[in-house]
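Okay, so here's the structure we're looking at.
So that the names make sense, note that chain A is the first sequence line, chain B the second, and so on, each numbered from 1.
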Amino acid sequence: MARRVRGANPEALGGLLMIAPPAVYALLLLAAPLLLLLVYSFWTDGYLEIIRDFTFANYHETWTNPLYRGVMMRSLMVSLLVTVSTVLLAFPVAYFVSFHVAPNRKSTWLFLITIPFWTSYLIRVFLWKVILGYNGVLNAGLLKTGIISEPLTFLLYNTNSVVITLAHAYAPFAILPIFVALERIDRSLLEAGQDLGESKLMTFFRVTLPLAMPGLVGAVLIVFIPTIGDYVTPQLVGGPEGRMVANLIQLQYLRLDNYPLGSAIAISAMGIVALLSAVFLFMTRKYLRGPK
Amino acid sequence: MIPKAPIADQTMIEFRDVQKWYGDYHALRGISAKIRAGEFFSLLGPSGCGKTTLLRTIAGFEGISDGVVLVDGKDMADVPANKRPTNMMFQSYAIFPHLTVAQNVGFGLRKQRLSKDEMARRVGEALEMVGLEGYGARAAHALSGGQRQRVALARALILKPKVLLLDEPLSALDKKMREQMQVELIKLQRQVGITFILVTHDQEEALVMSDRIAVMFDGEIAQLSDAETLYRRPKSRRVAEFIGTMNFLPATVIAESDDVVEVDAQGFGRMTLAADQVGADAGHGTSVGFRPETLTIIQDAPIAGGREVPAIIEEVVYYGDMTYYDVRIEGTERAARLSMRNTFNRAVLDRGAAVRIAWSPAALILFR
């Protein structure tokens, strides 16, 4: 696109006017609360009111208290586990739809993939409870067929159930960017790979996978960033050991009425996610360059 | 055509009654042909004639429903694309966008497990061959169309294939670039001595570049011959119309023997044509055909060895180097197109002028 001259350009002015409402909206509802959160994190919780003296005490507490550190580490582990399993499971689905579904059927497949979004997230989490519970569908089925003689107890109210539920919830978010990246691959490149002597498998590793990387990176970030802050799933299916950082923040804010410590934990979690995402992007940067 | 050394009489590719079905669609209908080693061979035809499908059966991207494809005497039936002694230059060039020029060119060398230096040397040589020395470190997506094409060529030739397959390699280039690349490809082919098989829908490109050309229609080879024979002695009206321009005048056959045909053609009258001047009419009825440049409008002296017919100029189209005249020969119903070079001693004629046209039976083809 041609570079526009700045200043009294009516077209540029029109553009600014058009983005003004969402910009104001974002400022009020995103930037302002964030700023407030940041300010709170440097204050102290008094008995009845907030003591407005600048202090690092909350951060010190967040980073040294083994309880908070433990929850933070577990949250990271769960998110990583969810991310890895979601993306690994999403890739074959995206690959299948992109490479093995007839072009006129692809939109139907994508439509089917988005069906889980038709029900509320909360209801889907509850459904997993029904499936994974002690008297749930899975246990009942396995008992009936005689594969097990006692209901399995490791399915619900632990990290496993959190990972299973989140992986399912975020699957479409991972499938779609990978699908888009795969769709953009010129099919003659794969023929060229074979023509130049590589087997189908090696062509996949030398051509398809590197070219799908932008989609994979997108999928990883789209899954990783929101899951670490997920609050409903660990609350409902996580049990005591499945608690994650968002539950801790909720505890500080709503139960203990400690806004400053809650804010410090929230800001710390955000910082860690931002840092990890940045490191990940840096590591994969060579795959993200390319033709505009 | 650029003259070249005679080709060894050894078959590199052989098709034996190759059939290809896509469901109900019969894409290749019994192709049988031999392509010689070291030959520049073209598959020419309109889109949908099966030329690209045929090329892809050699590369191994397309299986065949029946028949045999042999490369260097070996049946390719169970040989996958990555094990065939052929390399392809794709229509889109298929340059890997995530790799540099050098990585693209060296892509196929991985299996040869060369040392880093040897690899760099080979890649450098290949780039030099196509006139891209020093481009190795460039990102592939930053190249122009012509450069991408050269990279694709280097990438295919570096593996020293027995056959190089070129799928409409020049169609994405502008006219000037295309003409330059045509000459470069011919020179390169002579230099490396590899069999080149070119797929094109551009008849001029095929005539310029090829030792031999197979013209394909509807999944069949309509004619297989060298460029001059194809142009001057087309075996059917369809081939004649596909390659260049040809005028047709109704004719009747009066008598025929094994060697000659006695013909009465509208406007020209009676004449005797040789047996190799006869082609199939493809349902249009018997006619004689001639190319625009083979007949001459007489302006001053009569042409030696020519017969003459009177004609009226109905339309004049001036092209600079040439002038096209639509002339109606006396006794015919439709105008025929003639082309004349605008030499210094020849004035451009006016519409409506009465002229005489010099012709010879040697310029005519009978379609029946």
Side-chain angles (χ1 to χ4, degrees), chain A residues 1 87 91 94-95 98-105 177-220 280-292, chain B residues 23 52 55-56 58-62 79-100 103-113 126 138-144 148 151-161 163-169 172:
Chain A
M1 208 188 288
V87 171
F91 193 90
Y95 188 90
S98 180
F99 283 85
H100 295 291
V101 171
N104 55 345
R105 295 267 173 81
I178 298 171
F179 171 78
V180 170
L182 290 173
E183 279 292 284
R184 285 182 50 185
I185 298 175
D186 179 358
R187 299 308 193 250
S188 67
L189 293 177
L190 310 181
E191 286 185 348
Q194 288 174 55
D195 188 64
L196 295 167
E198 294 294 7
S199 63
K200 283 190 172 158
L201 188 69
M202 275 312 291
T203 302
F204 174 82
F205 285 115
R206 293 189 71 191
V207 182
T208 314
L209 201 55
L211 289 174
M213 275 310 274
L216 279 168
V217 170
V220 164
F280 179 67
L281 278 173
F282 183 77
M283 277 161 39
T284 55
R285 70 192 181 286
K286 83 168 199 165
Y287 296 107
L288 304 179
R289 283 176 308 197
K292 289 114 226 154
Chain B
T52 298
L55 190 80
R56 290 167 60 85
I58 305 173
F61 299 134
E62 212 76 68
V79 184
N82 60 324
K83 298 263 161 62
R84 296 197 180 191
T86 60
N87 281 119
M88 181 130 158
M89 218 175 115
F90 292 83
Q91 187 170 10
S92 64
Y93 307 145
I95 303 294
F96 301 118
H98 57 299
L99 303 178
T100 64
Q103 285 169 332
N104 261 284
V105 173
F107 189 92
L109 293 178
R110 184 187 68 91
K111 287 203 161 161
Q112 302 185 12
R113 310 210 173 281
R138 291 228 188 160
H141 56 78
L143 298 176
S144 72
R148 296 166 84 85
V151 172
L153 196 57
R155 186 178 71 180
L157 287 177
I158 199 171
L159 298 173
K160 304 196 165 75
V163 182
L164 181 70
L165 308 168
L166 305 107
D167 185 8
E168 306 247 3

For A:Met213, is it the side chain, the backbone, both, or neither that has a heavy atom closer than 4.5 Å to a heavy atom of chain B?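 Answer is neither: A:Met213 stays 4.5 Å or more from chain B.
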With sequence neighbours excluded, tell me which residues meet salt bridge (charged side-chain N to carboxylate O under 4.0 Å, His left out) with B:Arg148.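 For B:Arg148, no residue satisfies salt bridge (charged side-chain N to carboxylate O under 4.0 Å, His left out) once neighbours in sequence are set aside.
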Examine distances only and state if a side-chain atom of A:Asp195 and a backbone atom of B:Ala81 form a donor-acceptor pair shorter than 3.5 Å.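 Not at all, since once roles are kept as given, no pair shorter than 3.5 Å links the two residues.
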Let me confirm one number: the [atom1]-[atom2] distance from [X] to [Y], rounded to the nearest 0.5 Å.
X        : Y        : atom1 : atom2 : result
B:Lys111 : A:Ser199 : NZ    : OG    : 6.0 Å
A:Arg206 : B:His98  : CZ    : NE2   : 8.0 Å
A:Leu201 : B:Asn82  : CG    : CG    : 11.0 Å
A:Arg187 : B:Ser92  : CZ    : OG    : 12.5 Å

Is [X] in contact with chain A via its backbone, its side chain, both, or neither, using a 4.5 Å heavy-atom distance?
X        : value
B:Arg155 : both
B:Phe107 : both
B:Leu165 : neither

Heavy-atom closest pair, residues B:Pro97 and A:Leu189: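 Shortest heavy-atom separation between B:Pro97 and A:Leu189 comes out as CD-CD1, 3.7 Å.
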How far apart are the C-alpha atoms of B:Phe96 and A:Leu196, what are their side-chain angles, what is the distance that settles it, and do they pass the side-chain contact (heavy atoms from CB on, under 4.5 Å) test? CA-CA 12 Å; B:Phe96 301 118; A:Leu196 295 167; 4.0 Å; yes
From CA spacing to verdict: side-chain contact (heavy atoms from CB on, under 4.5 Å), A:Glu191, B:Met88: CA-CA 9 Å; A:Glu191 286 185 348; B:Met88 181 130 158; 5.6 Å; no
